Amino acid sequence: MTIQALFFIVVFTGVGTSNPDFHDPQDRQLVSNWTTEFSSDNFGTIEPDYPNLGMAPLPPEAIDPLEIRPEHFNRIFKPFQGAKVDASYECSYQSVLNKLDLKKNTDKYVTTRPVADHRHLTWVFIEMRIYAILDVREADQMFISYIWVYLRWDNEHIQWDPDEFCGQKHILIPTKYLWMPDLTIEEMTEQDKATPSPHLNVGNYGWVEFRNDQVVVSTCKMEVYRFPFDIQSCNISFKSIMHSDDKLRLFYHSNNSELTEQSRQTIQTQYEWIFLNMTVQEKTVNHFGFNQTVIVYTITMKRRSVLYIANFLLPVLFFLCLDFASFLMSDTGGEKVGFKVTVLLAVTVMQLILNDILPPSSDKIPLIAIYCIGIFTLMLLSLLETILVMYLIDKDQKLNENPEDKHSPLPCCCTEIKKWIRCASAAKEDESFPKEGCSSPHTDVSLVMEKVYEELSEMKKSKYLLSSRTEDEKPGYWTRVAEKINKVFAVFYIIAVLLFLSVLFTVWNIDGT
């Protein structure tokens, strides 16, 4: 009865849930079993085999450890309250801690590398998972990510026989009781404000495991040449702060495809980015006179470009279409120039917005900046062409303001005839007193002169109509030049826009990293 109760306590407290492959003491070369378990989300569920303690049968929902109801607590745990533990077994965690003497012998476990001989090399296995891409700041060239880091190393001072402690193969202890590798991230610019994991998982054969999550704010050189269709690659590099590679060396799981697939399954949010892949490689650097091993994780991601197309590229293209539509407006008024200037200022505002997004330290001029500058240049040429055409038309109108009618004999003739008619009319009224400037009264002649005057007036009106029609049908020289400039520039404008946009979008669509 007592043995059965003891077996139940061991099983229920989770001692029997450890995977023997996960803690195989003979597997010290690689940790492939750990990689398989760490990457899996299904750790399995062990249903407790409750011993027969004379209790009434429990319903299924009471046996399921995930659905144990409060009313079943007493029925499950009361029979064990009076159970006695065999003194020949050391089954508590404290018994393992007492054997290792972690609290008293701190110098042995904390101050130096955990090796029996200083010539021994400490191998540290490292693996990283990315759980979220929180932010990418192009202007500051910063990459903010949420990651989980797994570390595993050997402590040569730790060892115990599980059979002496009821099969205990691992225990959890505070991190302050054991030495930990002094790893840091090279690209990190801000210290993580979250509290690190407070415990270490220690195995009976000496392996020590540490898992920790952190938010990493790191530098990342942004390649914004193809923005907003760019692909960014940011590095997270792990290395020791003080130890050289002949004292401490890092190794990792080198299957990049498996690493990418596992990260794709664990990632929770990607901000405006699409996670593509994650690769890992090892390199050796020489810092301050000694070599160090560096494990570099490279996270490759692609920007979601839909919003940038809708909010930036299309509006600028619409402004270009408006500028092209302005060719249908009349060149004689000033509305055309004002319209073109307004559209040009709108493109300038879009360029100012773009300047706040892109980093100023980019090695190349981004294609989106070339796109804005090219469209701005075409619209500026269109404005200058409109100003030139309006100047030529205005010049032609000024030349036509000097009428040639002043030198024509027809007005003079009409004036003399009108004078004769007045004299004849005055003589008819009073023959004895002729008007000043009139020679002799001739009434019959005055009637003839009136008819001639009327005919000359009709001829004058006809001449004005003919001259106005001639001016409408045959514009001036500079007006004809302005019309030719308009036609040639319209053809050039269309060809230049089509060629520029075709080349630019072709380069944009080239898939490059």
Side-chain angles (χ1 to χ4, degrees), residues 27-32 34-35 38 107-130 141-143 145 147-158 175 178-192 196-197 200 203 205-212 214 216-221 223 232-260 263 277-300 513:
D27 187 11
R28 292 174 178 266
Q29 183 177 2
L30 291 175
V31 287
S32 59
W34 172 85
T35 305
F38 186 70
D107 293 342
K108 176 181 178 181
Y109 292 107
V110 178
T111 56
T112 59
R113 280 192 309 119
V115 292
D117 189 339
H118 72 91
R119 292 169 295 184
H120 291 178
L121 183 63
T122 300
W123 287 90
V124 179
F125 179 82
I126 182 171
E127 191 151 354
M128 187 192 80
R129 296 284 187 273
I130 180 168
Q141 300 202 42
M142 304 292 290
F143 173 57
S145 59
I147 64 173
W148 274 80
V149 179
Y150 176 89
L151 301 177
R152 185 171 178 175
W153 65 93
D154 190 15
N155 191 318
E156 297 181 5
H157 302 311
I158 296 178
T175 55
L178 288 181
W179 175 91
M180 291 182 59
D182 56 337
L183 298 186
T184 185
I185 298 176
E186 281 190 330
E187 296 84 4
M188 188 166 59
T189 58
E190 295 182 12
Q191 192 68 29
D192 184 23
S197 178
L200 298 172
Y205 44 84
W207 279 107
V208 182
E209 297 173 345
F210 177 71
R211 300 183 185 184
N212 185 42
Q214 59 185 119
V216 178
V217 181
S218 59
T219 60
C220 180
K221 186 177 181 181
E223 298 292 340
Q232 301 295 340
S233 296
C234 296
N235 295 334
I236 297 180
S237 306
F238 295 89
K239 73 168 187 176
S240 173
I241 298 176
M242 295 298 298
H243 295 88
S244 61
D245 58 1
D246 59 345
K247 301 294 182 182
L248 186 147
R249 189 168 299 176
L250 304 176
F251 68 105
Y252 57 95
H253 181 53
S254 59
N255 192 334
N256 290 328
S257 59
E258 183 179 346
L259 186 64
T260 299
S263 297
N277 59 70
M278 185 166 67
T279 60
V280 59
Q281 62 179 347
E282 176 185 347
K283 68 177 182 179
T284 302
V285 297
N286 190 309
H287 289 167
F288 305 105
F290 58 91
N291 294 332
Q292 288 182 309
T293 303
V294 181
I295 304 299
V296 181
Y297 286 89
T298 302
I299 301 167
T300 305
T513 57

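The structure presented is a predicted model; accordingly, all values stated were derived computationally and were not measured.
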N/O donor-acceptor pair under 3.5 Å between S218 side chain and F143 backbone: yes

Sequence-distant partners of T219, side chain to side chain donor-acceptor pair (under 3.5 Å), two or more places apart: none

From M142 atom CE to E187 atom CD, the distance as rounded to the nearest 0.5 Å: 11.0 Å

Gap between atom CH2 of W153 and atom CD1 of I126 - 0.5 Å precision: 11.0 Å

Audit row: T184, D182, side chain to side chain donor-acceptor pair (under 3.5 Å) steps and yes/no: CA-CA 7 Å; T184 185; D182 56 337; over 6 Å; no

Heavy-atom side-chain proximity of V280 to E127 below 4.5 angstrom: no

Contact summary for T300 and S233, nearest pair of heavy atoms: OG1-OG, 3.4 Å

Rounded distance [0.5 Å steps], CD1 in I299 versus SG in C220: 9.0 Å

Min side-chain heavy-atom separation F238-I185 under 4.5 Å: yes

Minimum side-chain heavy-atom gap F210-T175 below 4.5 Å: yes

Backbone of H118 reached by a side-chain donor or acceptor of R113 within 3.5 Å: yes

Min side-chain heavy-atom separation Y297-I130 under 4.5 Å: no

Which atom of M128 lies closest to which atom of L259, heavy atoms considered: O-CD1, 3.9 Å

Q232 side chain vs E223 backbone, donor-acceptor pair below 3.5 Å: yes

Rounded distance [0.5 Å steps], CZ in F288 versus CE in M242: 10.0 Å

Check: S237 and V296 side chains under 4.5 Å, non-hydrogen atoms: yes

Side chain to side chain contact (heavy atoms under 4.5 Å, CB included) partner of L250, the single match among L183, D245, T122, V294: L183

Residues that E282 engages under side chain to side chain contact (heavy atoms under 4.5 Å, CB included), provided they are two or more places apart: Y252, T293, I295

Between CG on residue L121 and CG on residue D246, distance to nearest 0.5 Å: 8.0 Å

Residue pair Y109 / I158, side-chain heavy-atom distance below 4.5 Å: yes

Atom of Q214, atom of N212 and distance for their closest heavy-atom approach: OE1-ND2, 4.1 Å

Under the salt bridge (Lys or Arg N to Asp or Glu O under 4.0 Å) test, residues paired with K247 that sit two or more places apart: none

Gap separating the NZ atom of K221 from the CG atom of N235, nearest 0.5 angstrom: 12.0 Å

Side-chain (T260) to main-chain (M278) donor-acceptor, under 3.5 angstrom: yes

Over all atoms of both residues, closest heavy-atom pair of S240 and L248: CB-CD2, 4.2 Å

Nearest heavy atoms of H253 and F125, plus distance in Å: N-CE1, 3.7 Å

Atom of M188, atom of Q191 and distance for their closest heavy-atom approach: CE-OE1, 4.2 Å

Min side-chain heavy-atom separation Y150-R129 under 4.5 Å: no

